[in-house]
Amino acid sequence: MSDTAGVSEPSTCGGCGTGVEDRPATWSLQVSERGRQWLCERCTRDNLRSIEGKLDEAWW
Ligand SMILES: [Zn+2]
């Protein structure tokens with residue numbers, strides 16, 4: 001039995017391609033039409049900015 005199942009697992013950032021053996025809690029799971037992918041902390045911020053930017057463009 002393992003209490004860490006699903007917590008510590010190899011992951012690759014869907015944005016910059018950075019690979020890690022143990023995924024930090026700062027990574028976020030992005031769900032899109034193409035499936036699920038993890039984004040590292042930096043790419044998560046960039047992604048949020050791009051989303052906000054798109055929303056601004058759509059709004060105006
Ligand atoms: Zn990244």
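Every number for a ligand or one of its atoms is a count from 1 in the order of the listing. Since the structure is predicted, the reported quantities are computational estimates derived from the model, not experimental observations. Heads up: numbering here begins at 1 and tracks the sequence.
How far SG of C40 is from CG of N47: 10.5 Å, rounded to the nearest 0.5 Å. Distance check: T12 OG1 to R23 CZ gives 11.0 Å after rounding to the nearest 0.5 Å. Atom SG of C16 sits about 9.0 Å away from atom CG of D46, to the nearest 0.5 Å.
Pairs engaging residues 34-45 under the salt bridge (Lys or Arg N to Asp or Glu O under 4.0 Å) rule: E41-R45 [sequence neighbours left out].
By the criterion of side-chain heavy atoms lying less than 4.5 angstrom apart, applied directly or through intervening Ile, Leu, Val, Met, Phe, Trp or Tyr residues, L48 is not grouped with W27; the two fall into different hydrophobic clusters. Hydrophobic clustering, with ILVMFWY side chains joined whenever heavy atoms are under 4.5 angstrom apart, groups V20 together with W38.
Taking a cut-off of 2.8 Å, the protein N, O or S atoms nearer than that to the Zn ion (ligand 1) are C13 SG, C16 SG, C40 SG, C43 SG.
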